[in-house]
Amino acid sequence: MKKMILATMIGCAVLSTHVIAQPNTDKVVIAHRGASGYLPEHTLPAKALAYAMKPDYIEQDVVMTKDDKLVVLHDHYLDRVTNVAAIFPNRARKDGRFYAIDFTLAEIKQLSVTEGFDIKEGKQVQGFSERFPIWKSHFTVPTFQEEIEMIQGLNKTLGYDIGLYPEIKAPWFHRHEGKDISKAVLTVLKYYGYIDKNSNVYLQTFDFNELKRINDQLMPAMGMDLNLVQLMAETDWNETMEYDKAGKAYPYSYDWMFEPNGMKVLSQYADGIGPWKPMIVKDSSTLGHIELTDMVKNAHANGMVVHPYTFRADKDRIPAYVKDYDGMLEVFYNQAGVDGVFTDFPDKAVNFLQQHTQQH
């Protein structure tokens, strides 16, 4: 029921510039890469565990293979979470990375997945040292279809209504490589019944040019009208690149999104935004003195929901202006008024919202 209410409100915001949605009346939890605080990110076990925690949505980061299949990986390269360097040692590009787009699905299925790691002094060092032990058990890279079918199957057997929250990863890169990943993602979503704003899905990307293309060209041509979310980055992250006529890449500037008119422009194409936490709560905040930007207020005034990222309970990821993870949720859900959060620990956010609801 609450998904229907949310979809209806978003629909109202799109249909009329005079009807402003009140999207913060029903808070949601988005399982970021699944229950990635407990099992290796984007593996089917991490998604099954996340499902059992009853979030509202489960996120899928989608990249494309050499043979045009869609797989669920956070990066468009394989080397941070798999043993690709050991299995295919000679397949890296000049930058040393092993790109998913250079491998067939059959090759990717040969790989083992583990917790994310970095190479330091020639050794693999786990990114989150307190999380699931590196290279323990056995995990693989799932396809987008495999994950959708698992979530839909669990919706059937358990009777919940948990939605999808796919992100089209680096569409600018895929298009430069000759692949239309956005059209491929939409084709799969349509096949599985996700076609309009009443469908239980948000489709997100960091690439504004591609978001416009999806909204203005691809979805109308395919008879689709999904809820779209513009992810927001700092320009110097190089999250989205553009190519000049010579083929040289340079970073897309996000600066305009933070200007006074930015939210109004975004609302012409997006139903929501996905900002980084400090874009909402300033890092200069201290215990008992929270400093908010105007982003949530401006997004709501333009009929968009706000789903910031990423909420982690790891000790070194709790900001100085709160004492613990629940304190962070209290600030964002209740003081800043966000509509949902991306979290590696969906059980903790679900429990927080349940307790908060009971108190009121």
In one Ile/Leu/Val/Met/Phe/Trp/Tyr side-chain cluster, 4.5 Å: Ile119, Phe88: no
Has the side chain of Glu167 got a donor or acceptor atom that lies under 3.5 Å from a matching backbone atom of Gln204? no
Modelled atom types, side-chain donor and acceptor of His174 and Asp180, under 3.5 Å: no
Treat each ILVMFWY residue as a node, draw an edge where side-chain heavy atoms are under 4.5 Å apart, and state whether Phe173 and Leu231 are in one component. no
For Val72, does its backbone N or O pair with a side-chain atom of Lys169 as donor and acceptor, under 3.5 Å? no
Could you go through Tyr194 and Asn198, starting from their C-alpha distance and side-chain angles, then the distance that decides it, and tell me whether this counts as side chain to side chain donor-acceptor pair (under 3.5 Å)? CA-CA 8 Å; Tyr194 301 91; Asn198 290 315; over 6 Å; no
If the threshold is 4.0 Å, N to carboxylate O, is there a salt bridge linking Arg91 and Asp102? no
Between Lys277 and Phe311, is NZ or CZ placed under 6.0 angstrom from the six-membered ring centre and within 45° of the ring axis? yes
Donor + acceptor pair across side chains of Ser284, Tyr321 (<3.5 Å): no
Check the orientation of Trp172 and His76. Use parallel for under 30°, tilted for 30 to 60°, and perpendicular for over 60°. perpendicular
Begin with the C-alpha distance, continue with both residues' side-chain angles, and end with the deciding distance and a verdict on side chain to side chain donor-acceptor pair (under 3.5 Å) for Asp67 and Thr65. CA-CA 5 Å; Asp67 51 346; Thr65 68; 2.6 Å; yes
Presence of salt bridge, Arg312 and Asp344, under 4.0 angstrom: yes
